[in-house]
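Down below is the structure, laid out as structure tokens.
Letters A, B, ... are given to chains in the order of the sequence lines, protein chains preceding strands, and every chain is numbered from 1. Predicted model, so just to flag it, every value in this text is computed and none were measured.
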Number of protein chains: 2
Amino acid sequence: MSDRREAILDGAERLIRANGYSGFSFREVASEVGIKSASVHYHFPAKPDLAAAVAERYRERFAKALEVKEKQGTARVEAWRAIFHSALKRDGLMCLCGILAVEGASLPPQVAKEARAFLEFGIASLNEVCPGEGVRILSQLEGAMLIARSAGDPSVFARATEDLLAA
Amino acid sequence: MSDRREAILDGAERLIRANGYSGFSFREVASEVGIKSASVHYHFPAKPDLAAAVAERYRERFAKALEVKEKQGTARVEAWRAIFHSALKRDGLMCLCGILAVEGASLPPQVAKEARAFLEFGIASLNEVCPGEGVRILSQLEGAMLIARSAGDPSVFARATEDLLAA
DNA sequence: GTCTATAATTTGATAGAC
DNA sequence: GTCTATCAAATTATAGAC
């Protein structure tokens, strides 16, 4: 994949995680990358194509980051928690698919599908280490990001998910 | 407060809970109520005014609904859970302020403030019956709505919050 | 691949008649 | 209070030059 394409995905991901699907535009993405909006359309014909590609890459990246953390000896639940926590601390950004899930009803079907796929992946991943508790744990993580973001304070996320360290 | 004003708030609340702040328009609200968008501007000069009024009324209503449930003998945590669950079952709508919180960064300050106020009210309310656990419980509730909504299945919410019945 | 230019639509908001 | 009419801006998207 070309550098330009990657740069577009980077810009779009940052903007969606900051403002949501209906809150980002091709012009903003183009401006972040330093090109014109028509050039973004060359790489991704329509808005749903771009957003779906962002969500797909997000899931793949997340899965790889989890693998790395587990190979380093981090327990899986803590790995999920740490990845979310560090994004909140670094840029104040919450889970891409948490944002997309909330916009659900007004989302183009292919984008909603990618968001669903990420959440299902998360539930399955957490069920593997905590049978029957995947949904509950992912709920707590997504909700804690939502609240921490509203409070503008990443430490709220840490407090709201402290108990998961015991798992 | 006039009936018309209430009807506008009703329509706006439904639309925001379905599509978010940046996903609803004065024209859509007007169309739901059966009037023109200029008439909506008569009651609420600008979009942030309308959204903030919706959020304020939501918090007041929620507090009243909690009181009623508690007077009927329902434990507080279960009351929170039941109110969210019934909205999901009835209309597939999640918490208004959960949606607004997610959009946080791109929200007009007065709207973000109302969303924050609701979440703080929730944390305080839950801390009263479960000291130190308010954030964790509200996180779980908001996150479970987010996931259930993405799955298009309210029973996901029930499963993800089952353990709260013990509290 | 990227650009300029532009079409078609939607948006938030206002002016002024009734 | 509600309407018609309208504005300026932004949006998604396309055509065609380079």
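Taking the ring centre of B:Phe24 as origin, the terminal cationic atom of B:Lys47 falls inside the region bounded by 6.0 Å and 45° from the ring axis.
Within the 4.0 Å cut-off from OP1 or OP2 of D:dG1, not a single side-chain nitrogen or oxygen of B:Arg5 is found. Of the side-chain N and O atoms in B:Ser39, one or more sit less than 4.0 angstrom from OP1 or OP2 of D:dC3.
The pair A:Glu13-A:Arg57 meets the salt-bridge criterion, since a charged nitrogen lies less than 4.0 angstrom from a carboxylate oxygen. No salt bridge links A:Glu78 with A:Lys69; every basic N to acidic carboxylate O contact stays at or beyond 4.0 Å.
Proximity note for A:Ser25 (side chain, C-beta onward) versus D:dT11, C:dG1, D:dT2: the nearest is D:dT11. Distance from the side chain of B:Ala38 is smallest to D:dT4 among D:dT4, D:dA13, D:dG1. Distance from the side chain of B:Lys47 is smallest for C:dA13 among the nucleotides D:dC3, C:dA13, D:dT12. In this structure, of C:dG12, D:dT4, C:dT2, it is D:dT4 that holds the atom nearest to the side chain of B:Lys36. Side-chain atoms of A:His41 lie closest to D:dT12 of the nucleotides D:dT12, C:dT11, C:dT14.
Within residues 101-110 of chain A, no residue places a heavy atom under 4.0 Å from DNA chain D.
Here A:Phe24 lies in heavy-atom contact (under 4.0 Å) with sugar-phosphate atoms only. B:Phe26 comes within 4.0 angstrom of sugar-phosphate atoms only, judged by non-hydrogen atoms across all strands, and of no base.
The salt bridge (Lys or Arg N to Asp or Glu O under 4.0 Å) pairs that include a residue from residues 26-35 of chain B are B:Arg14-B:Glu32, where partners are two or more places apart or lie in different chains.
Over its length, the helix from C:dG1-D:dC18 to C:dC18-D:dG1 turns its helix axis by 0°, as judged from the five terminal pairs at each end, rounded to 10°.
Residue side chain B:Arg27 reaches the base of C:dG12 through a donor-acceptor N/O pair under 3.5 Å, judged by distance alone.
The CG atom of A:Leu100 lies 10.5 Å from the CZ atom of A:Arg17; values are rounded to the nearest 0.5 Å.
A side-chain donor from one of A:Ser22 and A:Glu103 sits under 3.5 Å from a side-chain acceptor of the other.
One atom, NE2 of B:His43, and another, P of C:dA13, lie 16 Å apart when rounded to the nearest Å.
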